[in-house]
Protein chains: 2
Amino acid sequence: MEEKRLPRKEREFLRHRQEILETALELFSEKGFHNVSMQEIAQKAEFAVGTMYKFFENKEDLYKALVMEQSDKFHSALTESIEASDDEIEKLQNYVRAKGEVFAANVQMIRLYFAETRGASFNVRAGLDPEIRKRYGRFLETLAAVFANGMKKKRFKKIADPYHLAVALDSLCNAFLFLWLETPDQHPYPEDPDVILNILFKGLVDP
Amino acid sequence: MEEKRLPRKEREFLRHRQEILETALELFSEKGFHNVSMQEIAQKAEFAVGTMYKFFENKEDLYKALVMEQSDKFHSALTESIEASDDEIEKLQNYVRAKGEVFAANVQMIRLYFAETRGASFNVRAGLDPEIRKRYGRFLETLAAVFANGMKKKRFKKIADPYHLAVALDSLCNAFLFLWLETPDQHPYPEDPDVILNILFKGLVDP
DNA sequence: TCAAAATATGACATGTAATTCATAAAGTCA
DNA sequence: TGACTTTATGAATTACATGTCATATTTTGA
């Protein structure tokens, strides 16, 4: 929208920057930070090596920008999905569905996402982690609030700490995404969010 | 036990190998594969660089040996915990408890474990993944069997596919371990396994 | 059209890390 | 002890990646 307002030069600059980021996403998600060289990104994006440094200070800066961009897209989609309804159960259903959709639409992101949220982030020395963690933490709070509200309204039983439930649901979705990533035909991400949610909703041993 | 039977030379060789592996674990778990040099490992383990290559073909081989050793220790401990009882609920409780204990006893392992099971394994080019995946897959089957048996005996309700439940419980434990790793005081791994298990056992919305 | 300004290029300087191997050191045993 | 075998060493080799910068190319606007 406002991109149109920017002078042509700037728009072009941003488009080029974006092209580099897209190329970098492909490569990093496939091979990991250390197994991709600036050469390689430059070549694939059809720029010269030196040109890359007009857009990003260095390799790490490029990587950081990429992860930030993706994590933004990701978290805002999920947050919206939760806010799209007033009903707690619907919120959770929307969330589970959205998580599947966002990932399905951008499979490359998954690898990067798992690499960043799970341990691998020590590939990059600099302080990328803290920023990602903060966003993730904020998001979990939002999700926890849904459980807390549901309990207040007596829609949910107090079977566990709301924050723990948020962590649980999130990790549950991740686990299903992971299965799907490994064996897409055998273990597709469930169409029906209740396949996942029932694990929380229904008691395994309770009457 | 049988180590005593081996000639002194061989025992010494194995001990040295072990020392290198221990040093490598410390370094890799802290900094990741690419940010640790053979120099560094050699120095810390008090060997010469060249000596490392008497024990391992190359850096990747060393890493692979390390991950395999750890993953063995890990999976056998968990499998035993499940087999230590005949009661399905106790099996699950033992498992949740064991997972916490194994990790607590060897925090360094966690990082390596998460790095390997979640996405980061593209740090290493070679086919490490498949082997790890196979073990992990076998373990999940064992866990799934517990749920399946519980259902057969009517101890568990059929709220979801047993394999899905296995994945769910495992990911749930991982999530708690992760919380603990980040903020040990705020989110300790629960002493009582039911804190985790109740999320499965008790229904959130069911009567 | 053309020269000045802006931008892009990629060969190169620099650094670092994996792996090798000629040599030194340690161990063996008659 | 001393000749011979085995093992350990670390300097040197090789390879490759980051980031720079003098130069070439493109754009601008008079």
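Keep in mind that this is a model prediction, so the values were computed, not measured.
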I'd like a list of close polar pairs between nucleotides 3-5 of chain C and the protein, N/O only, cut-off under 3.5 Å.
none

Point to revise | Spacing of A/R15 atom CZ relative to C/dA8 atom C1', expressed in whole Å | key: 16 Å
Practice item. Round to a whole Å and report the spacing from NZ of B/K59 to P of C/dT20. Key: 15 Å
**Study point:** Aromatic contact, A/F176 with A/F103 (centres under 6.0 Å)
**Key:** no
Exercise for review: For B/D87, enumerate each residue passing the salt bridge (charged side-chain N to carboxylate O under 4.0 Å, His left out) test, keeping only those at least two apart in sequence or located in another chain.
Suggested key: B/R155
Point to revise | A/E182 atom CD, neighbour heavy-atom count above 12 within 6.0 Å | key: yes
Review point. Among pairs that include at least one residue of residues 73-86 of chain A, which meet salt bridge (Lys or Arg N to Asp or Glu O under 4.0 Å), considering only residues two or more places apart or in two chains?
Key: none
Review point. Can the ring centres of A/F13 and A/F55 be said to be less than 6.0 Å apart?
Key: yes
Exercise for review: Before accepting this row, confirm whether a basic side-chain N of the pair B/E131/B/K64 lies closer than 4.0 Å to the acidic partner's carboxylate O.
Suggested key: no
Review point. If you take all heavy atoms of A/T51 and A/F47, which pair is closest and at what distance?
Key: CG2-CD2, 3.8 Å
Review point. What integer distance in Å separates A/M38:CE from D/dC21:C1'?
Key: 16 Å
Review point. Is any side-chain heavy atom of A/F201 closer than 4.5 Å to a side-chain heavy atom of A/I89?
Key: yes
Check your understanding: Hey, does the Lys NZ or Arg CZ of B/K59 hover above the aromatic six-ring of B/F33, less than 6.0 Å from the centre and inside 45° of the axis?
Key -> yes
Practice item. Return the angle between end axes of the helix from C/dT1-D/dA30 to C/dA30-D/dT1, with five pairs used per end and rounding to 10°. Key: 0°
Point to revise | Gap between atoms CD and C1', on A/E19 and C/dA8 respectively (whole Å) | key: 15 Å
Review point. For every nucleotide of nucleotides 7-13 of chain D, 5' to 3': is a protein heavy atom under 4.0 Å from its base (B), only from its sugar-phosphate (S), or from neither (-)?
Key: -BBB---
Exercise for review: Mind calculating the distance between CD (A/E60) and P (D/dA17) to the nearest angstrom?
Suggested key: 17 Å
Exercise for review: Check the distance between C/dT19's P and B/F56's CZ and give it to me in whole angstrom.
Suggested key: 13 Å
Check your understanding: Should the ring pair B/Y136 and B/H75 be called parallel, tilted or perpendicular, given that the plane angle runs from 0 to 90° and is split at 30 and 60?
Key -> tilted
Practice item. Take the protein atom CZ of B/F13 and the nucleotide atom P of D/dT6, then report the distance between them rounded to whole Å. Key: 16 Å
Review point. With A/E12, which residues qualify under salt bridge (charged side-chain N to carboxylate O under 4.0 Å, His left out), at least two apart?
Key: A/R8, A/R15
Study note, to complete from the structure: note: A/H34, atom NE2; C/dT16, atom C1'; distance rounded to Å ~ 13 Å
